[in-house]
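Heads up: the structure comes next, in structure tokens.
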Amino acid sequence: MKKVVVIFCVLALAWACSSDSTEDEEVIIPGEKEEVSFERSAMLINWADNIIIPSYEAFSADMEGLLSAFNTFKADVNESNLIALRASWLTAYKSWQHVEMFEIGPAETVGFQLNMNIYPTDNEKIDGFIVNGSYDLTLSSNRSAKGFPALDYLLNGLGDTDAEVLAFYNGDNKEAYLQYTEDILMDMQSLTQTVVSDWTNGYRDTFVANDGASSTASVDRMVNDYIFYYEKYLRAGKMGIPLGVFSGSTLPRNVEAYYEATISNDLFLEGLSAVQDFFNGTHFNSSTQGESLASYLDALNTLKSGEDLSTLINGQFNTAKSMVLDLSAFRAEIENSNPPTSMLLAYDEVQKAVPMLKVDMVSAMSISIDFVDADGD
């Protein structure tokens, strides 16, 4: 009974910290009555040419590397090739964290995020597909049986040791396991190629040209998608849901990369770094910065409690990053601590950036939020 009371108190604290309230702190735009010299088009060009497209191209290259590693494994199923395949999977999974937030245009059309990274994966459905040999990975009902989480199960979850995993790929159903793994990879590669091709063959120009200040303009839509990703996928999906913040009980099975139990923190930190880099307009794989949400706020001279809002947002990202760096692997934090107090406190720091982005930033930029609050998801 005492444990139940403790868990309730900690979760209540987490819920209290999850409010989108700005705690009556006034956000001030000193120059709001004057014309602000900031061109959204320059920000869109920086986003498209220096962040989004290079990120997609790098991810596409990592997907090619993953497929190549699989082909080597398929030709010679052994432990060293399995280890190399896992390494390529992890490289591509980290790379994925840098494009997952761009669910706009081509990615939205193909449902990129939903087809690439739905977790927890349905291992029972995967087992059934492999045994029956009949499946259609294009169906929305099968999204939980493909993508990176399904590969996590097939490469890390079939057994407790490398020998046990390899037994499936060398056993009576060897061809079925290899075929299903290959089909997942080909599906992922096809989706990636479509998104990259569409961005570089037309959509980039459409995205940049739509530089107005309406709800359908590129800036407004991208900002909404960006905040939605941070709130729903980064904050809730990677931390809040496994912690039980929304359900009242912990769900360790819902951590990202459940079967490779040591990398969930790494994936989260990659996602958080991508979010912060985008906020600051940092070019992909570079320290160079261009026009961004941060420079937009600075042009508006937006203050919160007497400090630059852009500085406060970056400070909160840094605090959240520091808290997560001090944690053990998410799965271990949740399974070995009752309640997982340290991870809940880190989650609170991640949550604190939500009202800064979703209330303060969009208010300063006169952008309306077009999605329902994700807290209940």
Side-chain angles (χ1 to χ4, degrees), residues 11 14-15 17-18 59 89-90 92-103 112-121 143-144 147-153 156 225-247 249-279 316-337 339-354 357-358 371 373-377:
L11 292 178
W15 268 110
C17 294
S18 296
F59 174 64
W89 167 78
L90 179 56
Y93 211 169
K94 288 182 176 179
S95 183
W96 164 255
Q97 308 302 319
H98 291 264
V99 301
E100 189 173 12
M101 76 178 88
F102 304 132
E103 196 74 357
F112 205 30
Q113 196 283 331
L114 294 174
N115 282 289
M116 296 286 281
N117 198 34
I118 290 296
Y119 54 91
T121 195
R143 287 170 175 167
S144 62
F148 283 108
L151 291 175
D152 179 32
Y153 172 63
N156 304 302
D225 290 344
Y226 170 76
I227 296 173
F228 185 74
Y229 168 76
Y230 183 86
E231 185 178 8
K232 181 178 178 65
Y233 291 105
L234 192 70
R235 178 208 62 152
K238 298 181 193 297
M239 289 191 77
I241 292 173
L243 275 169
V245 170
F246 310 108
S247 61
S249 59
T250 57
L251 301 168
R253 181 71 174 78
N254 287 56
V255 299
E256 193 171 20
Y258 172 80
Y259 295 100
E260 214 308 5
T262 65
I263 67 168
S264 50
N265 304 49
D266 295 330
L267 298 178
F268 176 89
L269 289 168
E270 288 286 341
L272 182 57
S273 292
V275 163
Q276 187 169 14
D277 284 347
F278 185 81
F279 176 76
Q316 193 55 51
F317 286 152
N318 290 335
T319 299
K321 185 181 300 183
S322 178
M323 291 285 285
V324 173
L325 281 168
D326 287 340
L327 297 174
S328 301
F330 286 171
R331 180 175 166 184
E333 288 281 352
I334 294 169
E335 291 181 338
N336 299 335
S337 302
T341 305
S342 296
M343 190 171 170
L344 282 164
L345 292 173
Y347 168 86
D348 289 345
E349 296 303 325
V350 174
Q351 162 60 27
K352 286 177 183 177
V354 172
L357 299 170
K358 192 177 180 182
F371 59 89
D373 194 302
D375 280 348
D377 292 353

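- Atom-to-atom distance recorded for Asp348:CG and Met323:CE is 7.5 Å, nearest 0.5 angstrom.
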Report task. Evaluate the criterion side-chain hydrogen bond (donor to acceptor under 3.5 Å, both in side chains) for residue pair Asn156 and Tyr258; output intermediate values, then yes/no. Result -> CA-CA 9 Å; Asn156 304 302; Tyr258 172 80; over 6 Å; no
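- Inter-residue side-chain proximity for Tyr93 and Glu260 is flagged as unmet; no heavy-atom pair is nearer than 4.5 Å.
- Counting all heavy atoms, side chain and backbone alike, Ile241 lies closest to Leu251 at O-CD1, 3.7 Å.
- Looking only at distances, a side-chain donor or acceptor of Asn265 sits under 3.5 Å from a matching main-chain atom of Ser328.
- Of the possible donor and acceptor atoms, one in the side chain of Tyr230 sits under 3.5 Å from a partner among the backbone N and O of Val350.
- Put simply, the side chain of Ser264 gets close to the backbone of Phe330: a donor and an acceptor are under 3.5 Å apart.
- The shortest side-chain heavy-atom distance between Leu90 and Ile263 falls under the 4.5 Å cut-off.
- In terms of heavy atoms, Val275 sits closest to Tyr226 at O-OH, 2.9 Å.
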Requested in this report: For Tyr233 and Gln113, run side-chain hydrogen bond (donor to acceptor under 3.5 Å, both in side chains): C-alpha distance rounded to whole Å, both residues' side-chain angles, the deciding distance at 0.1 Å, then the answer.
Outcome: CA-CA 10 Å; Tyr233 291 105; Gln113 196 283 331; 3.2 Å; yes
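- Scanning both residues, Gln97 and Lys238, for their nearest heavy atoms gives OE1-NZ, 2.8 Å.
- Of all heavy-atom pairs between Ala257 and Leu267, the closest is CB-CD1, 4.0 Å.
- Taking the six-membered ring where tryptophan is involved, the planes of Trp96 and Phe148 are tilted, since the angle between them lies from 30° to 60°.
- If you take CD on Gln351 and CE on Met239, they are separated by 11.0 Å, rounding to the nearest 0.5 Å.
- Here Glu256 contributes atom CD and Asp152 contributes atom CG; the two are 9.5 Å apart, rounded to the nearest 0.5 Å.
- Asp326 has its side chain out of reach of Ser342: every pair of non-hydrogen atoms, C-beta onward, lies at least 4.5 Å apart.
- Between the Thr121 side chain and the Ser144 main chain, a donor and an acceptor come within less than 3.5 Å of each other.
- Rounding to the nearest 0.5 Å gives a distance of 10.5 Å between NZ of Lys232 and CZ of Phe371.
- Minimum heavy-atom separation, Gly240 to Tyr347: CA-CE1, 3.6 Å.
- Pairs engaging residues 266-275 under the side-chain hydrogen bond (donor to acceptor under 3.5 Å, both in side chains) rule: His98-Glu270 [sequence neighbours left out].
- Remark: Ile227 CD1 to Leu234 CG distance equals 13.5 Å, nearest 0.5 Å.
- Between atom CG of residue Leu325 and atom CZ of residue Phe268 there is a gap of 10.0 Å, rounded to the nearest 0.5 Å.
- Checked against side chain to side chain donor-acceptor pair (under 3.5 Å), Lys321 has the following partners two or more places apart in sequence or in another chain: Gln276.
- Aromatic rings from Phe102 and Phe112 are positioned such that their centres are separated by 6.0 Å or more.
- Shown here for Phe59 and Ser95, the closest heavy-atom pair between the two residues is CA-OG, 3.2 Å.
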